Each structure stands twice: as structure tokens, then as C-alpha cells.
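Read through the structure below, which is laid out as C-alpha cells, and then see the notes.
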Protein chains: 2
Amino acid sequence: MTEPALSSVWTRPRPEPRRRAPGVDQYVAAALAIADAEGLAAVSMRRVAGDLGSGTATLYRYITNRDELVDLMVDAAQGEDPIPEPTQDWRADLAAVAHALRATLLRHPWLAGELAGRPSLGPNSLRRSESALRAAVALTPDITLASQALGAVHAYVLGSVATQQAARRAERRSGLTEEQWQRSVGPYISEVIAAGKHPMLARRVLEAEEPDPNAEFAFGLDCMLDGLAARLGR
Amino acid sequence: MTEPALSSVWTRPRPEPRRRAPGVDQYVAAALAIADAEGLAAVSMRRVAGDLGSGTATLYRYITNRDELVDLMVDAAQGEDPIPEPTQDWRADLAAVAHALRATLLRHPWLAGELAGRPSLGPNSLRRSESALRAAVALTPDITLASQALGAVHAYVLGSVATQQAARRAERRSGLTEEQWQRSVGPYISEVIAAGKHPMLARRVLEAEEPDPNAEFAFGLDCMLDGLAARLGR
DNA sequence: TAACTTCTGGATACGTTGTAGCCATGACAG
DNA sequence: CTGTCATGGCTACAACGTATCCAGAAGTTA
């Protein structure tokens with residue numbers, strides 16, 4: 001006796017509004033705008049509905065809960081850019097996949113954590129995955145290895161963008177200006193360095209050049225792609 | 001006229017309790033236990049205080065806010081393991097750093113997202129960073145490049161562990177059992193595959209071997225280290 | 001020992017959030 | 001025109017972060 005299938009946001013029919021209520025796409029767009037401007041925590045059901053002149057109860061008629069709204073947001077963000085055309089060069093294609101993902105993440109600073117933290121099964125996400133897998137299969141026809149290769153690139157991109165955005169996020173959370181944040185942290189760092197227990201960190205703070213985020217990202221990606229080429233390339 | 005320095009959790013004096021209240025370390029340990037068992041969202045100030053038989057107001061006397069509590073938790077988690085001894089082999093050392101970080105993240109499933117999302121400045125974190133930088137400097141004496149190399153490894157580890165844990169996290173959030181979660185998702189995946197628009201995804205689902213998380217992680221790490229060796233090694 | 005000070009848990013309060021349910025009104029269909 | 005239903009608005013509840021207050025207990029001082 002099999003139990004009934006359970007529904008998910010991607011399987012449930014998406015009812016269209018009959019009267020003046022906004023459609024799901026409008027709710028999602030409003031939520032995206034709030035998240036981009038103020039962070040994901042600012043996306044509350046009341047806020048989203050209110051910004052659209054809709055009732056919260058109405059929003060709940062279309063979107064089951066907040067978690068589902070975030071799923072929809074994550075997928076919508078991934079549908080903003082066209083899928084890049086494949087070339088004959090797996091490496092260029094994987095790099096394009098990585099850069100496209102990074103561009104999306106930079107546009108939506110809340111997204112990296114969410115993408116890293118939840119399976120992504122919406123239509124846009126699947127479309128992107130398909131394109132990315134196609135590039136990886138050009139590297140190696142073994143689907144298992146291709147998936148692993150893609151996973152490694154994906155992991156690097158997510159981790160890299162998220163950590164690059166961490167300082168900005170902490171500032172925001174503190175409610176301080178960037179200058180105030182530096183002033184809350186700077187003396188501590190100076191103290192740590194003066195204590196002499198962390199000579200490598202001292203060198204990094206005192207000698208290392210200010211990283212250009214784009215170049216830093218590209219460096220790590222190139223290393224990863226180099227490694228993939230060495231291990232799987234032909 | 002310079003403005004006064006602003007304090008942070010790491011610069012503020014840490015008062016010891018005078019009577020029967022728990023110390024900061026006990027609050028943090030209780031919060032860690034809750035987060036490990038139930039996820040970070042279950043860590044509320046009331047909950048932490050209550051679990052220790054303390055008043056919430058008392059907790060606030062020692063820890064300024066919830067955000068600070070999370071900072072303390074993140075650092076405490078990083079202090080659980082001893083720092084590995086350096087060898088003469090930069091690659092082995094960087095791999096050890098990566099594996100140690102992964103082990104910590106696996107023990108605390110909430111940690112990857114937090115580490116990726118916030119600067120980590122506590123004493124344990126700095127200690128780990130120092131050790132990791134020492135390994136990276138053995139790869140290249142250029143402190144800027146060493147930092148970049150370490151950043152790339154770090155990004156990969158965080159992203160990899162977080163995405164490996166994503167499915168588990170989604171199950172938990174749904175409130176479904178693992179089997180129920182599969183049943184909510186399985187038919188959708190079958191449908192997507194049957195539609196024929198995602199041939200690469202279909203191959204992955206139908207043909208790819210179930211990944212061993214440890215091997216998958218090691219593969220990506222090896223690729224990254226290969227790439228670093230090729231670009232910076234001597 | 002008594003008086004004073006301070007630490008603590010408990011309680012209350014407020015604004016906010018997710019979610020649930022109800023109701024009157026207006027829009028639409030038959 | 002009547003009936004149905006979609007909708008915004010409202011109320012409610014539990015929970016949360018944070019702030020404040022208070023009585024009692026614990027410690028210190030004279």
C-alpha cells in the first residue's frame with residue numbers, strides 16, 4: 001500500500017489570481033527587491049504583501065509559507081540571465097558557468113548562503129544545471145566524474161563569493177557604518193599583531209596587497225580548472 | 001579629534017559571574033549543544049538561558065546580543081581540535097588544514113554557512129588561520145599569493161561541505177522524514193527526466209554512482225591543490 | 001551582627017514575525 | 001438579479017530579540 005505522493009512547490013499547481021491580487025511572480029519579485037536592498041531577513045510575509053498592496057492572507061493563498069517563498073526567490077534569481085551558448089572548449093564553458101553564477105550572486109548578496117544551504121530544484125536552476133553539466137561532460141564523458149567536477153567548481157564559487165561578502169554582511173548586521181566597523185575591529189587587530197603570536201597574520205595584514213575580488217576569484221577558479229584538466233582532461 | 005574606539009566581543013572585558021550564574025563559556029557550550037541537535041534557529045536567548053537554569057536577563061549581562069553569541073559559538077567550535085603540527089610538506093599541511101576544517105564543519109552542521117557569512121576574528125579562529133597561513137607560505141613566500149591560495153582552499157571547503165549538507169537541511173526544514181522528503185521530490189524529478197529537456201541531468205540521476213562524500217570532497221581538494229602546485233609550487 | 005551593595009532569576013513589556021482563521025465587501029459568473 | 005468566491009483587513013496566538021524592573025538572596029564592610 002503506497003502512501004500518497006507529497007507535494008512540493010515545484011509540483012503543486014500554481015493558481016493564477018482571479019481578481020486584483022498580484023500573481024506569484026509579482027510576490028517573488030517584490031521579495032527579491034526587499035532582499036537585495038535590505039537582506040533576506042527583511043523579507044517577511046507581511047512586508048512583501050504590504051509592499052504590493054495585498055493582504056498577507058492572500059499571499060498565503062498562493063505561497064504556502066515563507067520557506068517556499070525563499071525557494072521561489074532562489075529560482076527566480078537564477079533565471080535572470082540567459083544560458084550561455086556552449087563552445088567547443090570545456091574549460092571556457094565551465095569558466096563561463098562559474099562567472100555567470102558569480103555575477104548572479106553578486107547581484108543578490110543573500111543568495112550564496114541560500115544556494116549553498118538548500119537543494120535547488122526549480123526550473124531555472126535545473127536549466128542552469130543542465131548547461132553546466134553539458135560543459136562538464138565535455139571534460140569527461142564519465143557522468144559520475146563530470147558531476148563531481150561540476151560540484152567542485154560550484155562549491156568553490158559559492159564559498160568564494162560568500163566569504164568575499166562576509167565583511168559587508170557583518171557591517172550591516174552591526175548597524176555601524178563601514179568606518180565605524182573598521183574602528184571596532186582595527187584596534188583589536190593591531191593588538192593581536194603587536195602581541196607577536198601570529199607572525200603570518202601580521203605579515204598578511206601589514207604586507208599583503210589589497211585583493212581585487214575579481215582577480216582573487218579568477219585565481220582560485222583557474223587553479224580548480226587546472227586541477228580538473230590535469231586529472232580528467234584530454 | 002578622533003572618535004572613541006568602538007568595542008567588539010573580542011575587545012570587551014569578559015566579566016566572570018560573581019554568584020551562581022553560568023559563565024560565558026557555559027552559555028556558549030549550551031548554545032552549541034542546541035545548535036548541533038536542532039539547528040542554529042533553535043538557539044534563542046530564552047532557550048539557552050533556560051537550559052542552564054539562568055535568567056534571560058542574566059545572559060544579556062554577559063553576552064550583548066544573539067549575534068555576539070553566534071560569534072562566540074563560531075569561535076568555540078574552531079577551538080575544539082588541536083592545531084596540527086606542521087610537516088615539511090606544504091601540500092600535506094594544506095590538506096590537513098582543509099580536512100580539519102571539514103571535520104569541524106561536519107560536527108556542527110550549522111557552522112559552514114556562518115563561517116562563510118561572517119568574518120571570523122576570535123582567538124581560536126586566528127590560531128587556525130595562523131597555522132593555515134604557515135602552510136600556505138611554505139607553498140610560496142609571497143604573502144599576497146599565499147593568502148590567495150589559502151582563501152581558495154577555504155572557499156572550496158566551506159562551499160563543498162555546505163552543499164553536501166543541503167539536502168539534510170531541507171529535510172529538517174520541511175519537517176518530513178527522509179523517506180517523505182524523497183517522496184515529495186522523487187516524482188518531480190522523474191517528471192523532469194521524462195520530459196526530455198534535461199538529458200545531462202537525466203544521465204546524472206539514472207547513471208551516476210552515488211557519491212561518497214569523503215571521496216567527493218577529496219577529489220575537489222586534490223584538484224585545487226594540484227592547481228595551486230602548478231601555479232605557485234616549487 | 002546589622003547595614004549596605006550587588007548579583008540573580010523571574011516577570012513584564014513592546015515590537016515584530018510566521019501562521020491561522022474569520023468576516024465584510026466587492027467582483028465575477030450564471 | 002442572485003449566488004459564489006476572491007480579496008483585504010482584522011484578530012489571534014506563540015515565539016523571538018531586547019529592554020526594564022523588582023524582590024530576594026548572597027556577599028562585603030563596618
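Just so we're clear, the structure is a prediction, and the values are computed from it rather than from any experiment. Lettering of chains follows the sequences in order, A, B, ..., and the numbering in each one begins at 1.
When the shell of 6.0 Å around CZ of A:Arg18 is examined, it contains 12 or fewer heavy atoms from other residues, nucleotides or ligands.
The CG-C1' distance, from A:Asp67 to C:dT17, rounds to 15 Å in whole Å. Summarising the geometry, the separation between CZ on B:Arg20 and P on C:dG9 is reported as 5 Å, rounded to the nearest angstrom. With rounding to whole Å, A:Tyr62 atom OH is found 7 Å from D:dA6 atom C1'. For the pair A:Asp51 CG and C:dT17 P, the computed distance is 12 Å after rounding to whole Å. Atom pair B:Leu69:CG and D:dT18:P shows a separation of 10 Å (rounding to whole Å applied). To the nearest angstrom, P of C:dG9 lies 10 Å from CG of B:Leu52. When rounded to the nearest whole Å, the span between CG of A:Leu59 and P of C:dA20 equals 12 Å. Note: CZ (B:Arg47) to C1' (D:dC16) measures 14 Å, nearest angstrom.
For B:Arg61 and C:dC7, a side-chain-to-base donor-acceptor distance below 3.5 Å is absent, hydrogens and geometry of angles not being considered. A donor-acceptor contact under 3.5 Å is formed by the side chain of B:Arg46 with the base of D:dG17.
Classification of B:Lys197 and A:Glu130 as a salt-bridged pair fails, no side-chain N sitting under 4.0 Å from a carboxylate O. The residues B:Asp36 and B:Arg107 are annotated as not salt-bridged, no charged nitrogen and carboxylate oxygen being separated by less than 4.0 angstrom.
Residue A:Thr58 is classed as a base contact, given a heavy-atom separation below 4.0 Å to a base. Note on B:Arg66: only backbone sugar-phosphate atoms sit closer than 4.0 angstrom, heavy atoms only; bases stay farther off. Within the 4.0 angstrom heavy-atom criterion, base atoms lie near B:Ala57. At a threshold of 4.0 angstrom between heavy atoms, the contacts of A:Val48 with the nucleic acid are absent. B:Ser54 comes within contact range of the sugar-phosphate backbone alone, with a heavy-atom separation under 4.0 Å but no base atom that close.
Picking from D:dT18, C:dT19, D:dC5 the nucleotide with the shortest atom distance to the side chain of A:Tyr60 gives C:dT19. When distances run from any side-chain atom of B:Arg19 to the nucleotides D:dC5, D:dG27, C:dG9, the shortest one goes to D:dG27.
Residue-to-nucleotide proximity on DNA chain D shows that, of B:Asn65 and B:Arg18, the 5′-proximal contact is made by B:Asn65.
Residues B:Arg14 and B:Leu72 are in side-chain contact: their nearest non-hydrogen atoms beyond the backbone lie under 4.5 Å apart.
Not one N or O on the side chain of B:Arg66 forms a donor-acceptor pair closer than 3.5 Å with the backbone of B:Met45.
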